[in-house]
Amino acid sequence: MEIRVVRTKQPKVKPNDNELGFGQYFTDHMFVVDYKEGKGWYDARIVPYGPFEVEPSCMVFHYGQAIFEGMKAYLNKDGEAVAFRPFSNIKRLNRSAERLCIPQLDEELVWEGMKKLLELEKDWIPKTEGTSLYIRPFVIATDHHLGVRPSHTYKFFVILSPVGAYYKEGLQPVKIYVTDKYIRAAEGGVGFTKTAGNYAVSLYAAEEAKRKGYTQVLWLDAKENKYVEEVGTMNIFFKINGVLVTAPLDSGTILGGVTRDSVIELAKEMGYAVEERHLSIQEVYDAHEAGELEEVFGTGTAAVISPVGVLNWNDRIIEINEGRMGDVSQKLYDRITAIQYGKEEDKYGWIEKI
Ligand code: COI
């Protein structure tokens with residue numbers, strides 16, 4: 001499919017790298033494709049970033065039929081624009097689409113559009129270490145209709161946002177509140193998808209945790225309120241007695257993170273034992289009691305690797321590694337960012353040149 005391009009007549013002033021934060025600024029253009037039942041995806045275009053019109057009855061506002069992805073583009077040491085594992089995210093977008101009754105996207109078209117958009121916006125990729133251009137593809141249901149059924153029309157967008165660290169803490173350890181009062185996802189539900197509703201349901205617990213001085217919530221399994229699953233915007237790893245443990249994906253309640261997957265591969269190659277298994281929060285606390293809980297860290301596209309310094313489970317507060325980033329977390333952060341910024345050879349085929 002041809003991708004037409006309409007350039008903006010009013011390019012924006014770009015922000016300084018030191019004021020980026022996360023998701024506050026948007027580039028000059030966006031990629032858009034429409035869908036209509038019987039016609040398929042059509043009219044792929046790159047147009048100026050900006051508002052578009054739908055009616056108040058637009059289905060996505062009412063029933064939340066919406067999916068999204070998060071990935072990043074970097075400038076490598078030779079000044080080339082590269083993306084990290086984009087096809088893993090595009091495939092996940094289609095897994096989310098299937099579960100949410102959204103038509104499958106053409107992976108090649110998504111990548112071609114994204115590449116063309118990134119080429120056009122290359123100057124928006126920030127240059128400072130720790131910054132990148134966040135890529136946010138998403139699909140929304142656009143029928144103007146109030147009956148509960150899958151929409152017959154959709155819009156696919158890719159928008160871009162120059163970003164720095166996701167958390168204000170940067171690489172300083174975050175404090176995590178373990179909730180056994182609220183749940184994020186149950187078996188048979190949509191926990192494995194990146195659908196807007198998963199984030200909407202997380203807000204109440206996250207706000208409660210924030211009021212208590214915590215950055216994020218650690219969710220336990222919905223059935224027994226016992227096993228650690230994931231943090232609001234990250235997967236989570238525990239280093240116990242030398243072994244890295246993270247929740248398995250088999251229950252369908254956890255997002256299969258691309259950074260999670262990359263970390264597992266890198267850690268194994270670096271000689272660490274990695275176990276994807278059910279881990280109870282009690283086991284985490286017992287390990288701490290025994291002096292065997294060495295590190296805790298989250299992984300995610302937005303967060304990269306974020307050390308966890310404090311856990312609070314029912315007001316039992318424990319400090320991990322004296323509140324400092326652990327050696328393995330640091331090594332994994334260094335490796336993954338070295339690959340992303342092209343300082344280390346990409347022997348995994350994770351880097352796609354734009
Ligand atoms: C990501 O890590 O890309 C995410 O989607 C997390 C969040 C900002 C929703």
Side-chain angles (χ1 to χ4, degrees), residues 1 23 26 30-45 47 49-71 86 88-107 109-111 113-114 117 134-161 182-206 219 222 230 232-233 249 251-258 300-302:
M1 194 185 306
F26 299 94
M30 60 187 181
F31 176 54
V32 189
V33 193
D34 292 315
Y35 177 90
K36 190 174 176 161
E37 208 168 85
K39 185 168 180 182
W41 292 100
Y42 67 97
D43 195 13
R45 60 211 185 265
V47 291
Y49 175 91
F52 59 97
E53 268 193 4
V54 286
E55 292 183 17
S57 60
C58 184
M59 284 186 86
V60 69
F61 299 141
H62 303 274
Y63 308 125
Q65 204 190 358
I67 54 171
F68 71 96
E69 268 304 324
M71 52 233 266
S88 303
N89 292 83
I90 296 170
K91 284 188 172 28
R92 191 173 66 185
L93 184 69
N94 267 339
R95 289 200 295 278
S96 299
E98 184 185 8
R99 182 62 176 82
L100 272 290
C101 295
I102 291 173
Q104 292 287 291
L105 290 125
D106 174 345
E107 291 176 13
L109 174 67
V110 171
W111 175 234
M114 218 177 264
L117 181 64
Y134 187 76
I135 308 169
R136 172 54 63 86
F138 64 103
V139 184
I140 55 167
T142 52
D143 273 9
H144 299 147
H145 180 81
L146 291 185
V148 179
R149 57 148 174 82
S151 182
H152 299 146
T153 60
Y154 298 86
K155 273 185 188 295
F156 170 67
F157 294 86
V158 180
I159 58 173
L160 305 174
S161 173
Y182 306 107
I183 58 158
R184 174 184 173 273
E187 282 186 38
V190 295
F192 68 94
T193 70
K194 224 162 163 58
T195 186
N198 280 341
Y199 296 81
V201 297
S202 75
L203 298 176
Y204 194 83
W219 301 98
E230 67 174 64
T233 54
L249 303 178
S251 59
T253 55
I254 295 172
L255 189 77
V258 177
T301 298

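The closest side-chain heavy-atom distance from Trp41 to Pro103 is below 4.5 Å. Between Arg136 and Ile159 the shortest side-chain heavy-atom distance falls below 4.5 Å. Using a 4.5 Å cut-off on side-chain heavy atoms (C-beta onward), Phe31 and Val110 make no contact. Under the 4.5 Å side-chain criterion, counting only non-hydrogen atoms from C-beta, Ser151 is not in contact with His145. Looking at Ile135 and Val158, their side chains come closer than 4.5 Å, going by heavy atoms from C-beta outward. Residues Glu69 and Pro137 have side chains in contact (heavy-atom distance under 4.5 Å, counting atoms from C-beta outward). With a 4.5 Å cut-off on side-chain heavy atoms, Leu117 and Leu160 count as touching.
The shortest non-hydrogen separation linking Ile254 to Arg184 is CA-NH1, 4.4 Å. Ile102 and Gln65 get closest at one heavy-atom pair: CG1-NE2, 3.7 Å. Between Glu55 and Phe61, the shortest heavy-atom contact is O-CE1, 3.8 Å. Between Glu107 and Ile90, the shortest heavy-atom distance links the atoms CG-CG2, 3.6 Å. Across Gln104 and Ala97, no two heavy atoms sit closer than the pair NE2-CB, 4.0 Å. Of all non-hydrogen atoms in Ala185 and Gly191, the two that sit nearest each other are CB-CA, 3.5 Å.
The closest donor-acceptor contact from the side chain of His144 to the backbone of Ser57 lies at 3.5 Å or more, if one exists at all. A donor-acceptor pair under 3.5 Å is formed between the side chain of Arg92 and the backbone N or O of Gly256. With hydrogens and angles ignored, the 3.5 Å screen pairs no side-chain donor or acceptor of Ser96 with any backbone N or O of Thr195. Under the 3.5 Å distance criterion, the side-chain polar atoms of Glu230 are matched with a main-chain donor or acceptor of Leu255. Looking only at distances, no side-chain donor or acceptor of Ser251 sits under 3.5 Å from a matching main-chain atom of Glu187. A donor-acceptor pair under 3.5 Å links the side-chain atoms of Arg45 to the main chain of Asp43, judged by distance alone. Side chain of Asn94 to backbone of Leu105: a donor-acceptor contact under 3.5 angstrom is found. The backbone N or O of Gly70 lies less than 3.5 Å from a partner atom in the side chain of Asn89, making a donor-acceptor pair.
The pair Lys36-Asp34 does not count as a salt bridge, with every side-chain nitrogen at least 4.0 angstrom from each carboxylate oxygen.
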Candidate pair Ile67 and Lys194, rule side-chain contact (heavy atoms from CB on, under 4.5 Å), full reasoning: CA-CA 6 Å; Ile67 54 171; Lys194 224 162 163 58; 5.8 Å; no

Residues Leu93, Phe138; criterion side-chain contact (heavy atoms from CB on, under 4.5 Å); working and verdict: CA-CA 8 Å; Leu93 184 69; Phe138 64 103; over 6 Å; no

Pair Val47-Val32, side-chain contact (heavy atoms from CB on, under 4.5 Å): steps then yes or no: CA-CA 8 Å; Val47 291; Val32 189; 4.0 Å; yes

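Among residues two or more places apart in sequence or in another chain, the ring-ring contact (aromatic ring centres under 6.0 Å, His included) test is passed with Phe52 by Phe157. Tyr204 is linked by a ring-ring contact (aromatic ring centres under 6.0 Å, His included) to Tyr182, counting only residues two or more places apart in sequence or in another chain. With sequence neighbours left out, the side chain to side chain donor-acceptor pair (under 3.5 Å) criterion links Thr233 to Tyr167, Gln216. Residues forming a ring-ring contact (aromatic ring centres under 6.0 Å, His included) with Tyr154 (at least two apart in sequence, or on another chain): Tyr35. For the side chain to side chain contact (heavy atoms under 4.5 Å, CB included) test, residues two or more places apart in sequence or in another chain that qualify with Ala66 are Val60, Ile140, Ala196. Partners of Tyr199 under the ring-ring contact (aromatic ring centres under 6.0 Å, His included) rule, at least two apart in sequence or in another chain, are Phe68.
Residue Ser161 holds its OG atom at 4.5 Å from CZ of Phe26, rounded to the nearest 0.5 Å.
A side-chain N or O of Thr142 and one of Thr153 form a donor-acceptor pair less than 3.5 Å apart.
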